[in-house]
Amino acid sequence: TESSRPPQGVEVGFYAGGTQTRTTMLSNGLSAAWEDGDRLSVWALASDGTYTLANQPFTTYGINGSRGFFTTRLDAGMPEGTYTYYCCYPTPVSVNGTSVSFNVPALQDGKVSGGADIMIATPVEHGALTAIQDMDNQSGMSMEMNRMMHQFRFWLPEGYNPMAEDIKEIVVTMPQEIAGVVSADVSDPSAGLSLVKGTNTLRLALAEPIGESASFE
């Protein structure tokens, strides 16, 4: 039957990440981890100047410490050759060539999840991505992600909480716009982000309320 036929095409994947380049803060506020369901977008520029992959979505297949393994299913295998790969997290809301736009939400949960973090990989030259044989085989492509956003950490010193209640919400107002639509070039992470349209107020409805602590750690 149609439903029992095996999926067509080929599944390919690669590793992405690094010690400081993951997507959601853990409870200690000092480290982070990839999450199931994280999605990346990937471009593969062939030597003839054409794109074999363009804004191709990859999703988490497995998580290994500081790195995530991401996969996608292609209709057919990539032709042999050397490619320049670009990658960003999360998947952009709009794309024009290698120019991409993201939405930095004005309401966040304090965990930098849900697309509140933006990362662009350092471009990598590599051969065609081939069918996955073994996720533990680390001879395939790996990309280093660069964090494009600043992150702030708040803490409440002991003895400075006259209300004796955990902080559940924080509103941050800056002189400049800090949330909204931002643009970037996935081929050049060093170029940073440009704010296209936004607001200078950010509201944190904390997923983990902040209580008194003896130290910043």
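FYI, the numbering just counts along the sequence from 1. Not measured: the values here are computed from a predicted model.
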Enquirer: Distance from Met145 atom CE to Met119 atom CE, nearest 0.5 Å?
Expert: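 With rounding to 0.5 Å, CE (Met145) is 5.0 Å from CE (Met119).
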
Enquirer: Please report the shortest heavy-atom distance between Leu195 and Val181, naming the atom on each side.
Expert: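 Shortest heavy-atom contact: CD1-O, 3.4 Å.
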
Enquirer: Under a 3.5 Å distance rule, please check whether Asp185 uses its side chain to pair with a backbone N or O of Ser187 as donor and acceptor.
Expert: yes

Enquirer: Does Asp48 CG have over 12 foreign heavy atoms under 6.0 Å away?
Expert: yes

Enquirer: Do Val196 and Val95 share a hydrophobic cluster (ILVMFWY, side-chain heavy atoms under 4.5 Å, transitive)?
Expert: no

Enquirer: What closest approach, in Å, do Gly97 and Trp43 show between heavy atoms, and which atom pair accounts for it?
Expert: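 Where Gly97 meets Trp43 most closely, the heavy atoms are O-NE1, 3.6 Å.
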
Enquirer: To check you understand the geometry: which heavy-atom pair defines the closest contact between Tyr89 and Asp117, and what is its length?
Expert: CE2-O, 3.6 Å

Enquirer: If you compare all heavy atoms of Thr72 against all heavy atoms of Pro57, which two are closest, and at what distance to 0.1 Å?
Expert: OG1-O, 2.8 Å

Enquirer: Can you tell me how far CE of Met148 sits from CG of Leu193, rounded to the nearest 0.5 angstrom?
Expert: 4.5 Å

Enquirer: If I take atom CZ from residue Arg39 and atom OG1 from residue Thr60, how far apart are they, to the nearest 0.5 angstrom?
Expert: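 One finds 10.0 Å between CZ of Arg39 and OG1 of Thr60.
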
Enquirer: If you look at every heavy atom in Gly211 and Asp166, which pair is closest and at what distance?
Expert: CA-OD1, 3.3 Å

Enquirer: Are the side chains of Thr71 and Ile132 in touch, meaning some heavy atoms are under 4.5 Å apart?
Expert: yes

Enquirer: Under a 4.5 Å cut-off applied to non-hydrogen side-chain atoms, are Pro189 and Pro123 in contact?
Expert: yes

Enquirer: Taking the side chain as every heavy atom from C-beta outward, state whether Ile118 and Pro90 have any pair of such atoms under 4.5 Å apart.
Expert: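 In contact.
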
Enquirer: Can you tell me if CD on Gln176 sees more than 12 non-hydrogen neighbours from other groups inside 6.0 Å?
Expert: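 Atom CD in Gln176 is not crowded, with 12 or fewer foreign heavy atoms closer than 6.0 Å.
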
Enquirer: Report the distance from atom CG of Leu206 to atom CD1 of Ile170, rounding to the nearest 0.5 Å.
Expert: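 Between Leu206 CG and Ile170 CD1, I get 5.0 Å after rounding to 0.5 Å.
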
Enquirer: Assess whether side chain to side chain contact (heavy atoms under 4.5 Å, CB included) is satisfied between Cys88 and Phe102, documenting all intermediate values.
Expert: CA-CA 10 Å; Cys88 68; Phe102 307 94; 3.9 Å; yes

Enquirer: Could you list the residues that satisfy ring-ring contact (aromatic ring centres under 6.0 Å, His included) with Phe58, not counting sequence neighbours?
Expert: Phe14

Enquirer: Main chain of Thr173, side chain of Asn200: is a donor-acceptor contact present, judged purely on distance under 3.5 Å?
Expert: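 No.
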
Enquirer: Flag the pair Val124 / Met141 as yes when at least one side-chain heavy-atom distance between them is below 4.5 Å, and no otherwise.
Expert: yes

Enquirer: Test Leu129 against Tyr85 for side chain to side chain contact (heavy atoms under 4.5 Å, CB included), laying out the working first.
Expert: CA-CA 10 Å; Leu129 298 179; Tyr85 289 89; 3.6 Å; yes

Enquirer: Determine, using the 4.5 Å side-chain heavy-atom cutoff (strictly less than), whether Leu202 and Met174 are members of one ILVMFWY cluster.
Expert: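 Yes, one cluster joins them.
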
Enquirer: Could you grab the distance from atom CG of Leu53 to atom CG of Leu45, nearest 0.5 Å is fine?
Expert: 10.5 Å

Enquirer: Does the Asn146 side chain pair with the main chain of Ile120, one donor and one acceptor, at a distance under 3.5 Å?
Expert: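 Judged by distance alone, yes, a pair lies under 3.5 Å.
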
Enquirer: For the residue pair Arg73 and Gln56, what are the closest heavy atoms and their distance?
Expert: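 The answer is O-NE2, 4.0 Å.
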
Enquirer: Checking side chain to side chain contact (heavy atoms under 4.5 Å, CB included) for the pair Ser101/Val93: CA distance, chi angles, key distance, verdict?
Expert: CA-CA 6 Å; Ser101 295; Val93 296; 4.1 Å; yes

Enquirer: Kindly determine whether Glu177 and Thr199 satisfy side chain to side chain contact (heavy atoms under 4.5 Å, CB included), including the steps that lead there.
Expert: CA-CA 5 Å; Glu177 295 174 335; Thr199 173; 5.8 Å; no

Enquirer: For a 4.5 angstrom cut-off between non-hydrogen side-chain atoms, does Val100 reach Tyr86?
Expert: no

Enquirer: Any chance you could measure Tyr83, atom OH, to Met78, atom CE, to the nearest 0.5 Å?
Expert: 4.5 Å

